[in-house]
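The structure appears right after this line, and notes come after that.
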Amino acid sequence: MKYRTVVMYMEIGCFVSCLCGWILVCSTLPTEYWTFSEVGSIVLTTSNYYSNLWRDCISDTTGVSDCKDYPSMLALPAYLHACRALAVSSVITGFFGGVLTLIGMKCTKIGGSEIANARVTFSGGITYLVSGFCGMITYSWWAHKVISEFLDPHFRAQKFELGAAIFIGWGGSILLLSGGTVLSYFSGKEGLPSSSSKKPRVPASYATVRTRKTYMLPPSRVTLVPPLFYEGRKSRTPRAATKSTRTFSRDDFV
């Protein structure tokens, strides 16, 4: 099987994984069961409280349920505003990630050349990663808030537990992160070659550099000379100089 065929099937698998994760993340937004609490007043009547990013709901065993939106947006805590923004950002970026990946996949043949398709797929993988990170931060932050209030002994208000939507969102975020990571790796490896491969190779030069009236070879061709050789050459010059400057007297010839 050719490498291109393997990459094509890999892209299809990652796209399906990211698409399923995005659908799971989208399904948690209208779901009320982000947190829930069960309160039993008498034996035959039990009240269930549950809430999400947008409203609070209550139901009992008689089948009567009622939901109420948050009365004031400015009066909400800061973490709730942040979770809303991150959840919506996760849905939007996941949608655009799917569009980019669908255009750049090898099996669709919508884009231009192979490098252009790989770059578009790389952009889609990065967008899926952003979507997965936004979703993971949203559900983890909400879960941390609920767990910290539940375990706090000084918290006197009604305590809630984690609902099914948090676990569904975690699963969808993991699918987005895993699929986006694999897409970004393979498409970036093909569409964004390393800078080292673009640099022209410089042939090995055997030019020498003249230093102190000698020629030095490259490090691979340098030959070591015993130091006594240089000491002998240095020692000859003073002797010749002393011989030429020596004076004689008449008594030396007698």
Side-chain angles (χ1 to χ4, degrees), residues 14-99 127-180:
C14 293
F15 175 74
V16 173
S17 174
C18 293
L19 183 62
C20 293
W22 180 71
I23 293 174
L24 290 177
V25 170
C26 293
S27 66
T28 60
L29 293 185
T31 304
E32 288 84 8
Y33 289 95
W34 284 54
T35 57
F36 76 95
S37 178
E38 183 176 343
V39 178
S41 57
I42 58 177
V43 179
L44 298 179
T45 305
T46 303
S47 300
N48 297 320
Y49 297 89
Y50 45 93
S51 62
N52 62 355
L53 295 172
W54 320 103
R55 62 175 67 97
D56 290 325
C57 298
I58 182 174
S59 64
D60 53 20
T61 54
T62 60
V64 179
S65 62
D66 185 21
C67 293
K68 180 181 180 182
D69 295 335
Y70 295 128
S72 175
M73 185 179 67
L74 299 178
L76 296 176
Y79 85 95
L80 188 56
H81 288 291
C83 289
R84 283 181 174 182
L86 289 172
V88 174
S89 300
S90 177
V91 174
I92 294 175
T93 52
F95 172 76
F96 285 107
V99 173
T127 310
Y128 270 138
L129 284 177
V130 174
S131 176
F133 276 118
C134 290
M136 185 64 69
I137 293 173
T138 301
Y139 303 114
S140 300
W141 196 352
W142 185 279
H144 173 72
K145 183 71 175 179
V146 173
I147 293 174
S148 61
E149 290 179 355
F150 187 84
L151 298 179
D152 188 7
H154 302 287
F155 186 75
R156 300 301 180 184
Q158 185 177 359
K159 296 184 178 182
F160 291 88
E161 298 183 11
L162 298 179
I166 299 297
F167 299 99
I168 296 174
W170 274 335
S173 300
I174 291 174
L175 289 177
L176 286 170
L177 290 175
S178 58

### Task
Starting at CG of Leu76, measure out to CH2 of Trp54 and round the result to the nearest 0.5 Å.
10.5 Å
### Query
Just wondering, do Tyr70 and Ser51 contact through their side chains at under 4.5 Å, heavy atoms?
yes
### Query
In Å and rounded to the nearest 0.5 Å, what is the CG to SG distance from Leu19 to Cys14?
12.5 Å
### Message
Using side-chain heavy atoms (C-beta onward) and a distance below 4.5 Å, is Asn52 in contact with Thr31?
### Response
no
### Message
Keeping Tyr128 on the side-chain end and Gly98 on the backbone end, is there a donor-acceptor pair under 3.5 Å?
### Response
yes
### Message
Strictly distance-based, threshold 3.5 Å: is any side-chain N or O of Ser140 a donor or acceptor partner for the main-chain N or O of Ile137?
### Response
no
### Message
If I take atom NE2 from residue His154 and atom CD from residue Glu149, how far apart are they, to the nearest 0.5 angstrom?
### Response
14.5 Å
### Query
Does the pair Ser27 and Ile168 meet the rule for a side-chain contact (heavy atoms from CB on, under 4.5 Å), with working shown?
CA-CA 8 Å; Ser27 66; Ile168 296 174; 4.1 Å; yes
### Query
If you round to the nearest 0.5 Å, how far is CG of Asp56 from CG of Asp66?
10.5 Å
### Task
Mark yes when over 12 heavy atoms from residues, nucleotides or ligands other than Phe95 sit less than 6.0 Å from its CZ; otherwise mark no.
no
### Task
Inspect the surroundings of NE2 in His81 and state if more than 12 heavy atoms from other residues, nucleotides or ligands are less than 6.0 Å away.
yes
### Message
Has Thr28 got a side-chain atom pairing as donor or acceptor with Ala165's backbone, closer than 3.5 angstrom?
### Response
no
### Task
Could you tell me whether the side chain of Lys159 and the main chain of Asp152 form a donor-acceptor pair under 3.5 Å?
yes
### Summary
Between Gly180 and Cys18 the two heavy atoms that sit nearest each other are N-SG, 3.5 Å
### Query
Just wondering, do Asn48 and Phe36 contact through their side chains at under 4.5 Å, heavy atoms?
no
### Query
Between Phe160, Tyr49, Tyr50, which is the residue that forms a ring-ring contact (aromatic ring centres under 6.0 Å, His included) with Tyr33?
Tyr50
### Task
Measure the OG-CG distance between Ser17 and Leu176 for me, rounded to the nearest 0.5 Å.
7.5 Å
#### Entry: Arg55 with Glu32: basic N within carboxylate O range, under 4.0 Å
yes
### Message
To the nearest 0.5 Å, what is the distance between CG on Leu162 and CD1 on Ile147?
### Response
4.5 Å
### Task
For the residue pair Tyr139 and Trp34, categorise the inter-ring angle as parallel (less than 30°), tilted (30 to 60°) or perpendicular (more than 60°).
tilted
### Query
Between Trp142 and Thr35, is a side-chain contact (heavy atoms from CB on, under 4.5 Å) present by the stated rule, with each step listed?
CA-CA 9 Å; Trp142 185 279; Thr35 57; 3.0 Å; yes
### Task
Specify the closest pair of heavy atoms between Val25 and Ser173, including all atoms of both residues, with the distance to one decimal.
CG2-N, 4.1 Å
### Side-chain heavy-atom pair Ser90, Thr138 within 4.5 angstrom cut-off
no
